Amino acid sequence: MQLIQETPDLSAYLAADDVIDHHHPVVRETAARLARGVEDSYAYARAAFEFVRDTIPHSQDSGDLRVTWRASDVLEQGTGICYAKAHALAALLRAEDIPTALCYQKFDEVHGLVAVRFNGAWHRQDPRGNKPGVDAQFSLKGERLAFMPDLKSNEMDYPVLYAKPHPAVLSVLKAAPDRPHLWKTLPTAL
């Protein structure tokens with residue numbers, strides 16, 4: 001699949017905002033801790049991916065009812081669904097000057113992940129969190145995502161790489177008082 005940048009300006013994929021708040025102290029502290037002892041930006045990106053994937057439970061898997069959407073809140077509260085975990089990973093990567101985009105897949109609902117830019121190309125990564133039947137891995141040599149769409153079932157990969165969360169995703173996250181409510185309002189398409 002050909003990934004398409006929403007904007008040709010690569011600096012947009014390094015920017016901080018109220019969602020991917022990589023200027024926030026908790027994001028900066030986490031990034032600094034992860035950066036200690038790694039030899040290069042690739043090793044840092046892998047460490048950040050594994051940190052978000054493995055130490056921040058997907059709230060559906062853990063039964064956590066809280067809804068997070070801001071990267072710093074995901075890191076502080078230690079919970080989030082796929083979108084929130086993607087926001088946290090994007091913030092950690094951007095904090096270390098690694099261009100990171102948000103991207104999406106369509107299943108019954110829209111699923112969120114990220115793409116990182118290394119060696120002049122974008123590489124999608126899925127920090128959702130592993131469980132039986134899900135084995136996402138950090139890879140620049142072929143995708144190792146949590147889920148692969150079944151095109152016969154009208155599932156798909158959206159090719160657009162967003163610098164900011166898609167408005168449909170962000171609005172449902174911000175409006176949800178808890179995860180059960182969120183589950184009723186997740187976008188089914190972008």
Side-chain angles (χ1 to χ4, degrees), residues 1-7 10 12-16 19-22 27 30-31 33-35 38-61 68-72 74-75 78-107 109-131 133-149 155-166 169-170 173 190:
M1 174 183 63
Q2 177 82 20
L3 297 173
I4 304 164
Q5 288 181 211
E6 174 188 34
T7 175
L10 202 55
Y13 298 97
L14 292 168
V19 179
I20 302 171
D21 57 343
H22 64 74
V27 177
T30 304
R33 188 175 68 250
L34 292 169
V38 297
E39 62 227 33
D40 57 23
S41 60
Y42 173 80
Y44 173 82
R46 177 185 296 278
F49 169 84
E50 291 174 353
F51 174 81
V52 173
R53 182 195 64 191
D54 298 342
T55 67
I56 300 173
H58 188 286
S59 57
Q60 175 71 16
D61 297 346
T68 54
W69 53 270
R70 182 178 287 115
S72 58
V74 174
L75 296 174
T79 191
I81 67 166
C82 60
Y83 310 130
K85 291 182 67 154
H87 300 164
L89 180 56
L92 289 171
L93 295 171
R94 289 181 183 185
E96 292 295 315
D97 295 321
I98 298 170
T100 307
L102 300 166
C103 46
Y104 303 93
Q105 297 174 304
K106 180 191 179 301
F107 299 102
E109 291 92 18
V110 174
H111 174 64
L113 52 157
V114 303
V116 295
R117 189 162 177 90
F118 277 105
N119 303 321
W122 290 100
H123 306 274
R124 293 190 307 166
Q125 313 295 328
D126 193 341
R128 181 229 178 267
N130 290 340
K131 63 180 187 172
V134 176
D135 184 29
Q137 301 294 324
F138 185 84
S139 176
L140 301 183
K141 297 178 182 179
E143 294 184 333
R144 301 278 310 275
L145 306 177
F147 310 108
M148 295 305 294
E155 297 175 347
M156 66 179 283
D157 287 310
Y158 288 106
V160 177
L161 300 173
Y162 294 92
K164 296 181 178 185
H166 192 282
V169 167
L170 192 55
L173 285 171
L190 295 181

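Below, all heavy atoms of this structure are taken into account, side chains as well, without hydrogens, waters or symmetry copies. Treat the numbers as computed from the prediction; the structure is a model and nothing was measured. All residue numbers refer to positions in the sequence shown, counting from 1.
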Mind checking whether [X] and [Y] have side chains closer than 4.5 Å, heavy atoms only?
{"X": "Leu102", "Y": "Val114", "result": "yes"}
{"X": "Arg124", "Y": "Met1", "result": "yes"}
{"X": "Leu92", "Y": "Thr100", "result": "no"}
{"X": "Phe107", "Y": "Pro149", "result": "yes"}
{"X": "Val116", "Y": "Leu140", "result": "yes"}
{"X": "Leu93", "Y": "Phe49", "result": "no"}
{"X": "Phe51", "Y": "Pro127", "result": "no"}
{"X": "Lys164", "Y": "Leu170", "result": "no"}

Atom pair [atom1] ([X]) and [atom2] ([Y]), whose distance is rounded to the nearest 0.5 Å:
{"X": "His87", "Y": "Cys82", "atom1": "NE2", "atom2": "SG", "value": "9.0 Å"}
{"X": "Leu14", "Y": "His22", "atom1": "CG", "atom2": "NE2", "value": "7.0 Å"}
{"X": "Leu75", "Y": "Leu89", "atom1": "CG", "atom2": "CG", "value": "9.5 Å"}
{"X": "Phe118", "Y": "Ile98", "atom1": "CZ", "atom2": "CD1", "value": "4.0 Å"}
{"X": "Asn130", "Y": "His58", "atom1": "CG", "atom2": "NE2", "value": "12.0 Å"}
{"X": "Met148", "Y": "Glu143", "atom1": "CE", "atom2": "CD", "value": "5.5 Å"}

According to the salt bridge (Lys or Arg N to Asp or Glu O under 4.0 Å) rule, which pairs have a member within residues 91-104, sequence neighbours left out?
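Found none.
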Between the side chain of [X] and the main-chain N/O of [Y], is any donor-acceptor distance below 3.5 Å?
{"X": "Ser59", "Y": "Thr79", "value": "no"}
{"X": "Gln137", "Y": "Arg144", "value": "no"}
{"X": "Ser72", "Y": "Arg70", "value": "no"}
{"X": "Lys85", "Y": "Arg128", "value": "yes"}

Residue of the set Leu113, Val160, Val169 for which side chain to side chain contact (heavy atoms under 4.5 Å, CB included) holds with Tyr104:
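When side chain to side chain contact (heavy atoms under 4.5 Å, CB included) is applied between Tyr104 and each of Leu113, Val160, Val169, only Val169 qualifies.
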Testing the basics here: between [X] and [Y], what is the closest heavy-atom pair and its distance to 0.1 Å?
{"X": "Ala43", "Y": "Val38", "result": "CB-CB, 4.0 Å"}
{"X": "Leu161", "Y": "Ala101", "result": "CB-CB, 3.6 Å"}
{"X": "Ala88", "Y": "Ala71", "result": "CA-CB, 3.7 Å"}
{"X": "Asp126", "Y": "Phe147", "result": "OD2-N, 4.4 Å"}
{"X": "Ile20", "Y": "Ala163", "result": "CD1-O, 4.1 Å"}
{"X": "Ala84", "Y": "Thr68", "result": "CB-O, 3.2 Å"}

For residues Phe138 and Tyr42, establish whether the separation of their ring centroids is below 6.0 Å.
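Yes, ring centres under 6.0 Å apart.
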